[in-house]
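The structure appears right after this line, and notes come after that.
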Protein chains: 2
Amino acid sequence: MRLEPQYKELLNSALELSGQRATKQREHIYALLLQKRNHPTAEEVYVRAKEDMPTISLATVYNCLETLAETKLIRQVNFEREPTRYCPNLTKHAHFYCRESGEIVDVDLSDELLDELMKVLPAGFTAKHIEISYDGACNDCHD
Amino acid sequence: MRLEPQYKELLNSALELSGQRATKQREHIYALLLQKRNHPTAEEVYVRAKEDMPTISLATVYNCLETLAETKLIRQVNFEREPTRYCPNLTKHAHFYCRESGEIVDVDLSDELLDELMKVLPAGFTAKHIEISYDGACNDCHD
DNA sequence: GCTGTAATTAGAATAATTCCAAATATAATT
DNA sequence: AATTATATTTGGAATTATTCTAATTACAGC
Ligand SMILES: [Mn+2]
Ligand SMILES: [Mn+2]
Ligand SMILES: [Zn+2]
Ligand SMILES: [Zn+2]
């Protein structure tokens, strides 16, 4: 697994900006999230990370994921009480969770729609963030 | 604490419909959620429940909350990795979480807005449910 | 090559929730 | 009203995802 130069640059500058070091582990985990964008859990990231880096620990996986999330290179995605998942797609998007197949897909959101969502807030309320998740059956799974 | 007749009726029919029994504990917890609608956690419900029913157990609180949620008398509300909260407001609404004060307020959603949100899904996708949560500063807390 | 700091590591600790098996409450039947 | 069958409650143990801790290792600047 190789981290493409553009992303390597992105990672390095994000880490430098926040005064953190570029490590093999951080790079590896970032690369693996970019390569297969299926919103894996920390445990799943751990399993995949060990393939090329057998000595990495689960604690490090959690640490790296947290660092990447803090520096806004990835996003955390939560569904109800399930384990947190991780997503390297930085565009504004919601998530669709197919309960049938377990698949999670990105749903692009326009600025207009997000604007409308902001407008329905009561006066004096300002939202830094909106989280939207859909729950249902995907294209492959409808009956 | 007294459960108003309209809600008592609602509770009884919902439980009957799902083949479950009406118990003191279920009624008590439902009443207390309706009375103070501040999206409490299970632990908070437990504390309040014990005021009038000192022998109730935490396991029962969880059981009752699950039963009420299953029968759609209440909703579960999740914010990231925080403990689940419970809401007896059955209208379609989102939640605004003020990180400053910790307050959680209901945000009404029009059918039109929900329609628009459905329309942005890829073809072939059907959502049973949309979950929307805002995160920011409320009216009292902006600087 | 040393030195100071940051990051990784293995394992222990934590927190929310669920599970379990025994006791109790409720509803149905006699 | 007593009997029976089933559902619910209960306290405590178990589980699960995540965080914490303290020791080791890696790294950047001198
Ligand atoms: Mn995503
Ligand atoms: Mn609510
Ligand atoms: Zn599907
Ligand atoms: Zn506030």
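Order of the sequence lines sets the chain letters (A, B, ...), proteins ahead of strands, with each chain counted from 1. Computed from a predicted structure; not experimentally measured.
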Which part of the nucleic acid, if any, lies within contact of [X], taking any heavy atom under 4.0 Å across all strands shown: a base, the sugar-phosphate backbone alone, or nothing?
X: A:Q25; result: sugar-phosphate
X: A:Q20; result: sugar-phosphate
X: A:T23; result: sugar-phosphate
X: A:T41; result: nothing
X: A:T84; result: sugar-phosphate

Using the closest heavy atom to pick a nucleotide of DNA chain C for each, name whichever of B:N63 or B:K24 lands nearer the 5' end.
-> B:N63
Nearest-neighbour nucleotide for the [X] side chain, [options] considered:
X: A:Y62; options: D:dA17, C:dT17, D:dG12; result: D:dA17
X: A:S57; options: C:dA10, C:dT8, D:dC27; result: C:dA10
X: B:R26; options: C:dT8, C:dT17, D:dT8; result: D:dT8

Interatomic distance where [atom1] belongs to [X] and [atom2] belongs to [N] [whole Å]:
X: A:K50; N: C:dA10; atom1: NZ; atom2: P; answer: 10 Å
X: B:E16; N: C:dA28; atom1: CD; atom2: P; answer: 9 Å
X: A:E27; N: C:dA6; atom1: CD; atom2: P; answer: 21 Å
X: B:R21; N: C:dT24; atom1: CZ; atom2: C1'; answer: 11 Å
X: B:L15; N: C:dT26; atom1: CG; atom2: P; answer: 13 Å
X: A:R81; N: D:dT15; atom1: CZ; atom2: C1'; answer: 14 Å
X: B:M53; N: D:dT9; atom1: CE; atom2: P; answer: 9 Å
X: B:E82; N: D:dA17; atom1: CD; atom2: C1'; answer: 15 Å

Is B:H95 reaching over with its side chain to a backbone N or O of B:V77, donor-acceptor style, under 3.5 angstrom?
->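 Answer holds: no.
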Minimum heavy-atom separation for B:V107 to B:F96, with atom names?
-> CG2-CB, 3.9 Å
Establish, yes or no, whether the cationic atom of A:R99 lies under 6.0 Å from the six-membered ring centre of A:Y97 and within 45° of the ring axis.
-> yes
By nearest-nucleotide position on DNA chain D, the 5'-leaning member of B:A22 and B:L58 is B:A22
For A:E131 and A:R75, what are the C-alpha separation, side-chain angles and deciding distance, and is it a salt bridge (Lys or Arg N to Asp or Glu O under 4.0 Å)?
-> CA-CA 11 Å; A:E131 193 69 42; A:R75 259 176 69 178; 3.4 Å; yes
Taking it one step at a time, do B:H93 and B:D106 satisfy side chain to side chain donor-acceptor pair (under 3.5 Å)?
-> CA-CA 6 Å; B:H93 68 282; B:D106 289 345; 3.1 Å; yes
